[in-house]
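Structure, as C-alpha cells:
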Amino acid sequence: MTFYFTGIRSFPKLWKSNSYLGLSSSHSYLSLFLKDCYGIRNQEKWFSVKTMSAQNTNAMNLLIAKARCVRKLDEGSNKEVSANSSHMFAAGAAKKRSQVNPSKAPVLPPVKNVIQLPTRPLNSEEWDKLKEEFKEKANFENWIILQMVKCHSSVDVAKSVLAWVAAKNNGIVGYDLLVKYLYLCVFHKQTSEIIDVYEIMKARYKRLESGAYTLLMRGLIYTDRWKEALLLLEDFKKVMIPSKKNYDDCIQGALFHQDVNVAWNLYQELLSHDIVPMLETLKAFFDFGKDMKDDQYSNKLHNILLYLRNNQLYPGESFAHSIKTWFESIPGEQWKGQFTTIQQSGQCLGCGKTVESIHLSSEEYEFLKEKVMRDVIDGGDQYKKTTPQELKRFQNFVKYRPPFDVVIDGLNVAKMFPKARESQVLLNVVSHLAKQNLQVLVLGRKHMLTQNSRWRRVEMEKMQKHASFFFADNISEDDPFLLYATLHSGNHCKFITKDLMRDHKACLPDAKTQRLFFKWQQGHQLAIVSKHPGAKITFQHILSYDTVVQTTGDSWHIPYDDDQVERYSYEVPTKWLCLHRKT
Ligand SMILES: [Zn+2]
C-alpha cells in the first residue's frame with residue numbers, strides 16, 4: 001500500500017528536515033531488550049542500540065557492573081523472602097528451586113544487526129550514501145526505520161528518512177514507513193506530529209490495520225481531540241475486538257479528562273467481551289477515586305476488588321498502595337491500612353484476624369470432584385492416558401477399600417534421590433506414614449515387581465504389608481489414578497507427588513474449576529523436604545489459609561505481588577495489605 005503526499009496540507013511541515021552529517025565510526029553498542037507492545041510487526045526482539053562514543057566505554061562498563069551489583073542485591077532479598085515462606089506454592093519458590101540447578105542458557109543473546117544510527121537528520125545525499133553502505137539490505141528504507149523504532153530514534157531523524165523517500169518517489173511514502181514514523185511520534189509524545197499523521201491517514205485511508213489504530217488511539221488520548229480516539233475505537237470494533245491495552249488507553253484517557261461515565265462504560269464493555277483487564281486499568285480507577293465522596297463510585301471500586309477475588313488475581317505493589325490510599329481517603333470511614341504477612345496459623349500479623357481457610361466447603365469439593373472425574377479422568381482422551389479396561393479395574397479396586405488418608409505417586413517418590421535405590425526410598429516413606437496409622441495407597445507400575453538393582457523384591461513385599469498397592473500397566477499415566485483415588489477418598493485425603501499437575505489443571509473446563517483445583521491442590525499436596533535418603537522424612541507445611549482477596553465488611557485482606565519477587569502462575573503471593581476500620 002502506498003501513500004501519495006502531493007496536495008497534503010501538512011507536507012512542508014511534516015517533511016521539513018535539517019541536513020547534518022552526524023555519522024562517526026567510533027561508537028559502542030549495547031544490547032537492549034525491546035518489549036513489543038505496540039503491535040508493530042516484524043520487530044526483532046534483540047537489537048543493538050548506539051550508546052556513546054568510544055571514550056565513554058569505561059563509563060558504560062561501570063554502569064553495567066553497577067547494574068549487576070544491584071541485581072545481586074535483589075537476588076539476596078528474594079532469598080530472604082523465600083526463606084520466610086517455605087511452602088511450595090509461595091511466590092519465588094520455583095525460582096529458588098531453579099537456582100539450585102541453574103540452566104546453562106547464556107545470559108546475553110548474540111548481538112545482531114549492528115548499525116550506527118544517525119543522531120541528527122540527514123539530507124538526501126547523506127541518506128543515499130548510507131544506503132550505498134548497506135546495499136545488501138533488500139529494502140533499506142524499511143529496514144533503517146525499523147532500526148530507528150527499536151532504538152527510539154528522535155522524530156526529526158525519522159522525519160528526514162520520510163522526506164528523502166518522498167523526494168525520490170514523487171511524494172509517495174509507503175504505509176509501513178508512515179506507521180513506524182507514527183510509532184516514534186507516539187513514543188516521544190510529539191502531539192502535533194501525531195495529529196498531522198492522523199489527518200493524513202484519515203484523508204487517505206478508509207480503514208487502517210490494528211497497529212495504526214492502536215497507535216493513533218494512544219497518541220490522541222492525551223490531546224484536546226481525545227474523543228476522536230473513542231471514535232477510532234468504535235471503528236476498530238467493526239473489524240475486531242479491541243485488546244485490553246486499547247481499552248486501557250481509552251479508559252486512562254477518559255479519566256485523565258475527568259469523564260468518569262465514559263471510563264466506566266468502557267470498563268463494562270471490556271468485561272462483557274470476557275477480556276481480563278490490565279491491572280493498570282484497575283489501578284487508574286482507584287487513583288482517580290481518591291478523596292471522592294460518591295457511593296456509586298465506591299461500590300464500583302468494591303466490585304473491582306471482588307473481581308480480583310473471583311479471578312484469583314493479585315494487585316502489584318504500586319496498585320496495593322493505590323488501594324490503601326483510596327480506602328484511607330474515604331471521608332468519615334476511618335480506614336487504616338498496613339502492609340503485613342499472614343502467620344502459618346492463618347492469623348494476620350497486622351490485625352490478628354484469621355483469614356479464610358484453604359479447605360474447600362463440601363459443595364466446592366463435590367463440584368470439583370465431579371469436574372475432575374469427568375474432564376481429567378474419563379474425558380474424551382482417556383485412551384491416551386489409560387485403557388478403559390484398566391480404568392475399570394482401578395475403579396473397582398478403590399470402590400472395595402475404605403477411604404485412604406494418603407495417596408502416593410510411587411514412581412515419582414522413589415526417584416526423589418537419584419543415587420539411592422528406588423525401593424529403599426519408597427519403603428522409608430511408606431513405613432513413616434504407616435507408623436502414624438494412616439491408610440496409605442501407593443500407585444505403582446507393573447515393572448516395580450520385577451526384581452532388579454533398583455527394585456528389590458524383599459523391600460516391595462515389606463511395603464505391601466503396610467500399604468495398599470495398585471500396579472498399573474507400564475504405559476499408563478499415573479496422575480489420573482492419583483487424582484481419582486484422592487478425590488474419591490474424600491476431603492481429608494492428601495497426596496504425595498513432586499509433580500505440580502499443571503497439565504491437568506489446563507484440562508479443566510473453566511476458570512472457576514481451575515481455581516478450585518488450585519486451591520484444593522495447595523491444601524492437599526504433601527511435599528517431602530528431606531535432604532538425603534537416610535534422613536528422617538519431613539513434609540513441607542501445607543498452607544492452612546487461602547491466598548485470595550477477601551473481606552468481612554469492616555476489614556479487607558488483599559494479597560499483593562512484591563515488585564522484587566518473580567512469581568510463577570502456580571505460586572501465590574506472601575505479602576498482604578490489611579485494611580480495617582477503626583471502631
Ligand atoms: Zn489484618
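The analysis underlying the following values was restricted to heavy atoms, covering all of them including side chains, and did not include hydrogens, waters or symmetry mates. As the structure lists them, so they are numbered: ligands from 1, and atoms in each ligand from 1.
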(message) Between E234 and K237 (salt bridge meaning N to carboxylate O under 4.0 Å), is one present in this structure?
(response) yes

(message) Which residues pass the side chain to side chain contact (heavy atoms under 4.5 Å, CB included) test with K324, not counting sequence neighbours?
(response) E328, F339, L577

(request) Please list all pairs passing the salt bridge (Lys or Arg N to Asp or Glu O under 4.0 Å) test where one or both residues lie in residues 516-530, with sequence neighbours left out. (result) E364-K519, K519-D546

(request) Using the six-membered ring wherever Trp is involved, compare the ring planes of Y297 and W264 and label them parallel, tilted or perpendicular (cut-offs 30° and 60°). (result) perpendicular

(message) Test of understanding: with salt bridge (charged side-chain N to carboxylate O under 4.0 Å, His left out), list the residues that count as partners of R309, not counting sequence neighbours.
(response) E356

(request) Indicate yes or no: does D287 engage K283 in a salt bridge with an N to O separation below 4.0 Å. (result) yes

(request) Mind listing the protein N/O/S atoms less than 2.8 Å away from the Zn ion (ligand 1)? Waters don't count. (result) C348 SG, C351 SG, H557 NE2, C578 SG

